[in-house]
Amino acid sequence: MFRIGVLASGRGSNFQSLIDSIDSGAIKAEVACLITDNPDAYATERAKRHNIPHVYMNPASKDMYYNAIADELTRRGVELVALAGFMRVVKKPLIAAFPMRIMNIHPALLPSFKGLHAQRQALDYGVKIAGCTVHFVDEGVDTGPIILQEAVPVLSGDTEETLSARILECEHRIYPRAIKLFIEGKLKITGNKVIVEQ
Ligand code: GRF
């Protein structure tokens, strides 16, 4: 069975959408482990509920942190790493251990609005279309090759909360879809472009 490792810092609703896609049979894989950088991450409760191995790894280990995460994932036979609300910039040792095998979901239409509070950045800028992006992770912040995107309208009267909720619905659709495409070998990377084979 294809083995996925998930890294999360908080709520874990994208982690849950992956679990649900696996449980429904849409994705033929298993979550080999959840790693959190936060002992109170609600994502851990979700892992417990679904009997998924979970480990809290203390980021205080600083320089060696990403080596330790890479070792843990490798030890568990992980083939794809899914960042699901992991609130850190992943560093070289982990990227080198899983080149083009780490995905992230970002709540904006990249390359616009990278970094934190992407939905608020979109509202402040005044764009009329927002959305989300699944991309491979490289050493930049939200810069890796784009796999899938989905757009939503920005409505007059939107707040950060209402826009975030609309975008989150799309996140829960496209992240499992991107992971499924990866597992099925349908993503071909050339340079900074990802070709999705049908
Ligand atoms: C999502 O908005 C995701 O796009 C961003 O962090 C948030 C995580 O939410 N990277 P959740 O923990 O998956 O509910």
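In listed order, ligands and their atoms are each counted from 1.
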Within the protein, flag every N or O under 3.5 Å from an N or O of ligand 1, and note the pair and distance.
unit_1, atom_1, unit_2, atom_2, d
ligand 1, 2 (O), Glu171, OE1, 3.3
ligand 1, 2 (O), Glu171, OE2, 3.1
ligand 1, 4 (O), Ile105, O, 3.4
ligand 1, 4 (O), Glu171, OE1, 2.8
ligand 1, 4 (O), Glu171, OE2, 3.3
ligand 1, 9 (O), Arg11, NH2, 3.1
ligand 1, 10 (N), Ile105, O, 2.9
ligand 1, 12 (O), Gly12, N, 2.7
ligand 1, 13 (O), Ser13, N, 3.3
ligand 1, 13 (O), Asn14, N, 2.8
ligand 1, 13 (O), Asn14, ND2, 2.9
ligand 1, 14 (O), Arg11, NE, 2.5
ligand 1, 14 (O), Arg11, NH2, 3.2
ligand 1, 14 (O), Ser13, N, 2.8
ligand 1, 14 (O), Ser13, OG, 2.5

Just list the side-chain donor-acceptor pairs under 3.5 Å for residues 68-78, sequence neighbours left out, or say none.
unit_1, atom_1, unit_2, atom_2, d
Glu72, OE2, Arg75, NH2, 2.9
Glu72, OE2, Arg76, NE, 2.7
Glu72, OE2, Arg76, NH2, 3.0
Thr74, OG1, Ala70, O, 2.7

Rounded to the nearest 0.5 Å, what's the gap from [atom1] on [X] to [atom2] on [Y]? Could you check?
| X | Y | atom1 | atom2 | result |
| --- | --- | --- | --- | --- |
| Arg177 | Ser21 | CZ | OG | 10.0 Å |
| Ile174 | Lys180 | CD1 | NZ | 16.0 Å |
| Leu18 | His172 | CG | NE2 | 11.0 Å |
| Met57 | Asp37 | CE | CG | 10.5 Å |

Q: Decide yes or no for Cys33 and His54: does some side-chain heavy atom of the first lie under 4.5 Å from some side-chain heavy atom of the second?
A: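 Contact flag for Cys33/His54 side chains = no.
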
